[in-house]
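Predicted model only: the values in this text are computed from it and were never measured.
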Amino acid sequence: MFNLFILILERVGLIIILAYLLMNIHYFRDKLGERQRLSTKLALIVVFGIFAVISNYTGVEISHDQIISDQVLMKLSEGASLANTRVLTIGVAGLIGGPLVGTSVGIISGIIRFFQGGEEAYIYVISSILIGLISGLYGAKTMRKNAYPTIKEGFMIGAITEGVQMLSILVLSRNPQAAWDLVTFIAFPMVLVNSMGTGIFLSIIGSTLRQVEQTKAVQTHDVLQLANRTMPYFRSGMNEASCTEAAKIIQQLMKVSAVSITNTERILAYVGAASDHHIASNEILTELSKEVLRTGEIREVHSHDEIGCNHPGCPLQAALVIPLKAQGKTIGTLKLYFTDSAKLTFVERQLAEGLGNIFSSQIELGEIELQSKLLQDAEIKSLQAQVNPHFFFNAINTVSALIRVDSEKARKLLIQLSNFFRANLQGARTNLIPLMKELTQVEAYRSLEQARFPDRYQVDIAVEEGMEEVLLPPFLIQILLENAFKHAFGSRKTDNRVWIDVRSSPDGVFISVRDNGEGIDTKRLEKLGKEAVPSLEGTGSALDNLNKRLTSLFGESAKLHFVSSPTGTTVHCTVPYQERQG
């Protein structure tokens, strides 16, 4: 019995070695991840069918409690039986693939065993099908959980299925005494070895898949780290400065010998080995890079000659060239170089392909952001240019009328009008100006309006100390003041007051323009800042334009807020705190 145990253990060892080799085949590992698919089940039937054939032909021939042969057995002697690992292969097939796989492998194994002959060979056809069905039903339960049986479950199912084999021999045999003698001779080693083999087989599958998952997790972490650290550089555009910084990060994290990034014409960055002759700003010379730019397909080479560098003593021995794309067009390449070709493996290629896709997306997003920013900037400039033009005509008419009456006052107003014009020109060229310049604009506007309507308006300005250099959109306060002058007081000639308040707040710079006017009708109030609201004094687009500028620059949190009652109106907003440097 001990000799039989050792011989069966050797056969189990052969199956375990084959299992280990199988689990190192990428195709098979991928198939195990989609066991519910019919194509996978068919593949498992073929694989474990081959295992079943090997198990049958490498069995140990037994007759009258004696080992007759442990060689490859195509045909058994008359009256002989066979001890093998058939139950192990059928059981594992069912546990992994479910009833269809288990039963199919059981049928294949049973038919092979039947044609081998020997004592009552039909028994093994029936038992093989039963074993495949039992293990398959148990496997289906774990498949529904997208899991595999544990090692402990493997031992248990291995013992149970071998027990089914022994029971089948006892129940189905026409010679009970011979069946009993056979079972007592082979039961213990067969149950022990096949249950161990099933558990070990499952442990190989489980450990290999866990290792793959851990490798994927590490790769995912590396990819995310790379993507996160290179994102600011790739999104800032394909230029030498940004690409050089990105290349340094890629070389550091991927631990490759050298990294190069090109556009369609020249090398933008090169970092690492052979940097003495692979130099940024040079034209692309190698046919390898030109081919990738032409085809848009990744290329992998494993020799110095294939790289195509003609420099004597160049240490580069392998390379991956990945196309970088934007809007479907190849706009450059990412090249990873290795001084040892053995270090360029399947894992590096997979990682590089994924990074190439991520980097391409980052570059494309950067271009989209740039175009969006340019469009937004153009829109803001257009809105700023829409400062009410008839104000200028009114101011010029006022100055013209004053020239004959009070030439000194007319001169001062012309200076203020000049300041106002200059501020408008500057405002049309920039999105943000210091508060002190905005207040100069406000003062110019107030002076011109008070010249037209002497003693009609009183403006009080309160600015928190130290806020002079904070940056605001041009015309912000001036438009709110102009809106109050035009719409707040109706035909009232006196006691028209406006308070301007600028101070810091937890969310930024708080700006408020309050008047003691007649208030705003509720229906009009709901539309202010959201759409043009026509009035007798103008088109009503100034507040709408101002609100669009604020939200374009700072988001919804910076929009205008309106509070009105019969005793006056307050318009306020909060913009992020930014201060002019230098």
S.K.: Could you report the tightest heavy-atom contact between Asn56 and Asn84, atom names first, then the distance?
M.R.: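 Here Asn56 and Asn84 meet closest at OD1-ND2, 3.2 Å.
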S.K.: Does any pair with a residue in residues 153-162 pass salt bridge (Lys or Arg N to Asp or Glu O under 4.0 Å), and if so which ones, sequence neighbours excluded?
M.R.: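 Listed by first then second residue: nothing to list.
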S.K.: Please list all pairs meeting ring-ring contact (aromatic ring centres under 6.0 Å, His included) that have one or both residues in residues 128-178, counting only residues at least two apart or in different chains.
M.R.: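 Counting only pairs at least two positions apart or across chains, no ring-ring contact (aromatic ring centres under 6.0 Å, His included) contact touches residues 128-178.
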S.K.: Could you tell me which non-hydrogen atom of Ala247 sits nearest to which non-hydrogen atom of Ala269, and how far apart they are?
M.R.: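 That would be CB-CB, 4.2 Å.
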S.K.: So, Glu119 versus Ser81: side-chain donor-acceptor pair below 3.5 Å or not?
M.R.: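 There is no such pair between these side chains.
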S.K.: Please list all pairs passing the salt bridge (Lys or Arg N to Asp or Glu O under 4.0 Å) test where one or both residues lie in residues 256-269, with sequence neighbours left out.
M.R.: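 Qualifying pairs, neighbours excluded: Glu240-Arg266.
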S.K.: Before giving the answer on side chain to side chain contact (heavy atoms under 4.5 Å, CB included), spell out for Ile249 and Tyr233 the whole-Å C-alpha distance, their side-chain angles and the decisive distance to 0.1 Å.
M.R.: CA-CA 10 Å; Ile249 295 168; Tyr233 302 110; 3.6 Å; yes
S.K.: What pairs meet the ring-ring contact (aromatic ring centres under 6.0 Å, His included) rule with one or both residues in residues 33-53, with sequence neighbours excluded?
M.R.: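 Non-adjacent pairs meeting ring-ring contact (aromatic ring centres under 6.0 Å, His included): Phe48-Phe51, Phe48-Phe201.
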S.K.: Give me the ring orientation class for His278 and Tyr270: parallel if the planes are under 30° apart, tilted from 30 to 60°, perpendicular past 60°.
M.R.: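 It falls in the parallel class, under 30°.
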S.K.: Go through the structure and list residues passing side-chain hydrogen bond (donor to acceptor under 3.5 Å, both in side chains) with Gln177, not counting sequence neighbours.
M.R.: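 Listed in chain order: Asp181.
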S.K.: Is there a side chain to side chain contact (heavy atoms under 4.5 Å, CB included) between Ser260 and Ile267? Walk through the geometry before answering.
M.R.: CA-CA 7 Å; Ser260 175; Ile267 301 169; 3.8 Å; yes
S.K.: Do you know the tightest heavy-atom contact between Val301 and Glu306?
M.R.: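 The answer is CB-CB, 3.5 Å.
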S.K.: Who passes salt bridge (Lys or Arg N to Asp or Glu O under 4.0 Å) against Glu291, sequence neighbours left out?
M.R.: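 Result, salt bridge (Lys or Arg N to Asp or Glu O under 4.0 Å) vs Glu291: Arg299.
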